[in-house]
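Worksheet: one structure, shown below.
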Amino acid sequence: MCEDDHENDHAGIGRRAVFVTGAAAALTLSTVSFASAAGGTGPRTRTVRGTLPPGSPDFVYVPVEVPRGVREIHVAYTYDRPTVPAGTQGNALDIGLFDERGTDLGGRGFRGWSGGARTEFFVRADDATPGYVPGPVRAGTWHIALGPYTVAPQGLSYEITITLTYGEQGETPRPVYPPERARGRGRAWYRGDCHLHSEYSDGRYTLAEIARLARAADLDFINSSEHNTHSAHAHWAGLAGDDLLILLGEEVTTRNGHVVALGTDPGTFVDWRYRARDNRFGRFARQIRRAGGLVVPAHPHATCIGCNWKFGFGEADAVEVWNGAYTPDDEVALADWDGMLVASVRDGRRDWIPAMGSSDSHRSPDVIGRPQTVVLADDLTREAIQEGIRAGRSYVAESSRVSLSLTASGGRGEHAGIGERLRVDADTPVTVRLEVTGAPRCTVRLVTDQGVLFTSDPLPVSGAGTVQWRTTASYAAYVRAEVRHEAAAGPLPGALAAFTNPVFLGS
């Protein structure tokens, strides 16, 4: 039997209260209650409605009192999308779920998040909608989490339909994760894409499609990075192989910027419910590192709402400078990163933040592996790839067709490669050599802390060429290479085909 719908009205201010989750203020609404299983075994449904005004907190929680004997929770929701004037934000409402363990920041209650990608989801012991985590449906107060991403001037009216199905629970599957090692080539250059999305968050690719397209792009490794959920981790094992290393992570998608947790321990969830002003990011950056991952701010100068990075770079292990198809946003990120390099050598610091690039692919026609980070690693393992990225022994290329080799050498046989330091006296002559393949008609620029000090003629149509440049450590504290396509009309130089992390010069 199906119990008749019962409606709750959340419009009255007396039926809601503001509380603090340990970071930003949030709003909790009146509790939705269900009868116990004693009255029958069929599904029972409640519908709640309300309106959120402009200026609502980042998160609004709808408590749901779940009795014993529930087999499945199903949630569907809709909200209005009124017409708004040009330049004014309309309505966008994200959704997720926390179980009876609560909504504490960084707590254990997280059961899934779909953002604005889905209008309904379910959770039960043996299965769950992609983006959500299967597991026991225990009695207690669960919370539907609403995230009013943007609210129109008219307000945001919503309707949530909650259905509980009673009955015996299934068995929760034991998660199986991909191996942390693939068949490598020893110390070699390995190609990877560390920022990808599937149907487990707001992408349209299946995991199998991502694995197939990664192999077609000649990638050696990828990183799972769904928005605010680790739910895909347990579904990658059958898609890895000797030829493809699959790392596990998350794109932690806050309202003040996104960060890729790269290569964390399987099953690691990183909370995202804070802003820069809450002073909580350091706590979660440390959590990422404790879980064996790298902290990589993503697309720091992207213009989408909430995408621009506002947490600073003090916790960063690397920074995503090139994201997807090369755009003016990436040009700004590249210049900003170069400014950080200049500051590090000016202040005499040996620490610096390496750059990387990823596709941020979501769906066709997004190209997996454009761009890709090419890492010099001791082997094709999680630990070795992360160490290569952390050390800056890497370059970024638009595809597997493009290969670079950048070295600097002194007069006595000293030499250093990307991410390394050539230890020579300040006035010792240094020869910088860049070898390029796969970049027809592209131009090479050598960039130092003093700016662009060398620009080559266009490479031949074969795409292969070698350039050499002489300098000293007193003239250039570092050298990095950019390979650019022929410049289009306009103020910006040509789009990148590839760029390297720097070689540092001097003792």
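Sequence positions, counted from 1, serve as the residue numbers for this chain.
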Assert yes or no for the condition that the ring centre distance of F281 to W309 is strictly below 6.0 Å.
yes
Ignoring hydrogens, what is the shortest heavy-atom contact between A291 and T268? Give both atom names and the distance.
CB-OG1, 3.6 Å
Under a 3.5 Å distance rule, please check whether Q468 uses its side chain to pair with a backbone N or O of R433 as donor and acceptor.
no
Using a 4.5 Å cut-off on heavy atoms from C-beta on, say whether the side chain of H485 contacts that of R441.
no
Counting only heavy atoms from other residues, nucleotides and ligands, does the tally under 6.0 Å from CZ of R349 exceed 12?
yes
What's the shortest heavy-atom distance between A234 and P175, and which atoms?
CB-CB, 3.8 Å
Side-chain heavy-atom pair L453, T471 within 4.5 angstrom cut-off:
no
Go through H197 and E226 one step at a time and tell me if the side-chain contact (heavy atoms from CB on, under 4.5 Å) criterion holds.
CA-CA 5 Å; H197 296 281; E226 307 295 355; 3.9 Å; yes
What residue among Y132, F121, W272 forms ring pair (Phe, Tyr, Trp, His ring centres under 6.0 Å) with W113?
W272
Give the intermediate values and the outcome of side-chain hydrogen bond (donor to acceptor under 3.5 Å, both in side chains) for residues N501 and Y478.
CA-CA 10 Å; N501 276 299; Y478 66 81; over 6 Å; no
For E209, is there an ion pair with R204 - N to carboxylate O distance below 4.0 angstrom?
no
Between S231 and V133, is there a donor-acceptor pair closer than 3.5 Å when you use the side chain of the first and the backbone of the second?
no
Smallest separation among heavy atoms of P300 and N308, with atom names:
O-ND2, 3.4 Å
Taking the six-membered ring for Trp, are F110 and F98 parallel (under 30°), tilted (30 to 60°) or perpendicular (over 60°)?
perpendicular
How about F504 and W352: are their ring centroids closer than 6.0 Å?
yes
At what distance, to the nearest 0.5 angstrom, does OG1 of T448 lie from CH2 of W469?
5.5 Å
Out of I222, L262, T264, which one pairs with L247 under the side chain to side chain contact (heavy atoms under 4.5 Å, CB included) rule?
L262
CG on D338 to CG on L341, rounded to 0.5 Å
5.5 Å
Any non-hydrogen side-chain atom of L105 less than 4.5 Å from a side-chain atom of R283?
yes
Can you confirm whether E383 is buried at CD, in the sense that more than 12 heavy atoms of other residues, nucleotides or ligands lie under 6.0 Å from that atom?
no
Roughly how far, to the nearest 0.5 Å, is CG of N223 from SG of C194?
5.0 Å
Any sub-3.5 Å donor-acceptor pair from D317's side-chain atoms to V295's backbone N or O?
yes
Is the number of heavy atoms from other residues, nucleotides or ligands under 6.0 Å of R183 CZ greater than 12?
no
Count the heavy atoms of every other residue, nucleotide or ligand shown that sit under 6.0 Å from OH of Y475, and state whether that count exceeds 12.
no
For Y205, does the six-membered ring have the charged nitrogen or CZ of R212 within the cation-pi criterion, i.e. under 6.0 angstrom from the centroid and within 45° of the normal?
no
Using only atom types and a distance under 3.5 Å, with no angle test, would you say the side chain of E414 pairs donor to acceptor with the backbone of V424?
no
Chi angles and distances behind the side-chain contact (heavy atoms from CB on, under 4.5 Å) call for V503, E420
CA-CA 5 Å; V503 181; E420 298 175 341; 5.5 Å; no
Nearest 0.5 Å please: distance from the OG atom of S201 over to the CZ atom of R118.
9.0 Å
Please name the residue in the list W322, W189, Y190, F499 that meets the ring pair (Phe, Tyr, Trp, His ring centres under 6.0 Å) test with Y395.
W189
Salt bridge present between D271 and R280 (N-O < 4.0 angstrom):
no
Ignoring hydrogens and angles, write down the donor-acceptor pairs under 3.5 Å from the side chains of residues 84-95, residues two or more places apart or on other chains.
residue : atom : partner : partner atom : Å
N91     : OD1  : A152    : N            : 2.6
N91     : ND2  : D80     : O            : 3.0
N91     : ND2  : D80     : OD1          : 3.3
N91     : ND2  : G155    : O            : 3.1
D94     : OD1  : G116    : N            : 3.1

Is a side-chain donor or acceptor of S394 paired with a backbone partner of V375 at a separation under 3.5 angstrom?
no
Side chain to side chain contact (heavy atoms under 4.5 Å, CB included) involving S400 - partner list, sequence neighbours excluded:
R191, D218, Q372
salt_bridge(R187, E387) N-O dist < 4.0 Å
no
May I have the step-by-step check of side-chain contact (heavy atoms from CB on, under 4.5 Å) for V430 and T472, ending in yes or no?
CA-CA 5 Å; V430 173; T472 64; 5.6 Å; no
Backbone N/O of F269 and side chain of Q287: donor-acceptor pair under 3.5 Å:
yes
Roughly how far, to the nearest 0.5 Å, is the NE2 atom of H301 from the OG1 atom of T327?
11.5 Å
D378 and A384 have their tightest heavy-atom pair at N-CB, 4.1 Å
Does any part of the side chain of S358, heavy atoms only, come nearer than 4.5 Å to the side chain of L196, both counted from C-beta?
no
How far apart are the closest heavy atoms of P57 and A26, and which atoms are they?
CB-CA, 3.8 Å
Under 3.5 Å: donor-acceptor pair, side chain of N256, backbone of K310:
no
Do D58 and R273 pass the side-chain contact (heavy atoms from CB on, under 4.5 Å) test, and can you show the C-alpha distance, the side-chain angles, and the key distance before you say yes or no?
CA-CA 8 Å; D58 288 346; R273 294 171 295 157; over 6 Å; no
How close do A477 and D449 get, heavy atom to heavy atom, and via which atoms?
N-OD1, 2.8 Å
Whether the side chain of S198 engages the backbone of L207 through a donor-acceptor N/O pair (distance < 3.5 Å, no angle test) should be reported.
no
Please check if the number of heavy atoms outside N279 that lie under 6.0 Å from its CG is greater than 12.
no
Sequence neighbours excluded, which residues qualify as side chain to side chain donor-acceptor pair (under 3.5 Å) partners of T500?
none
H415, NE2: over 12 other non-hydrogen atoms inside 6.0 angstrom
no
Answer yes or no: is there a donor N or O on one side and an acceptor on the other, between the side chain of E486 and the main chain of P458, under 3.5 Å?
no
Ion pair present between R382 and D265, side-chain N to carboxylate O less than 4.0 angstrom?
yes
Mind checking whether C442 and R484 have side chains closer than 4.5 Å, heavy atoms only?
no
In Å and rounded to the nearest 0.5 Å, what is the CD1 to CG distance from I210 to L219?
11.5 Å
With under 30° as parallel and over 60° as perpendicular, where do the rings of H227 and H258 fit, or are they tilted in between?
perpendicular
Does D202 offer a backbone N or O that forms a donor-acceptor pair with the side chain of R363 under 3.5 Å?
yes
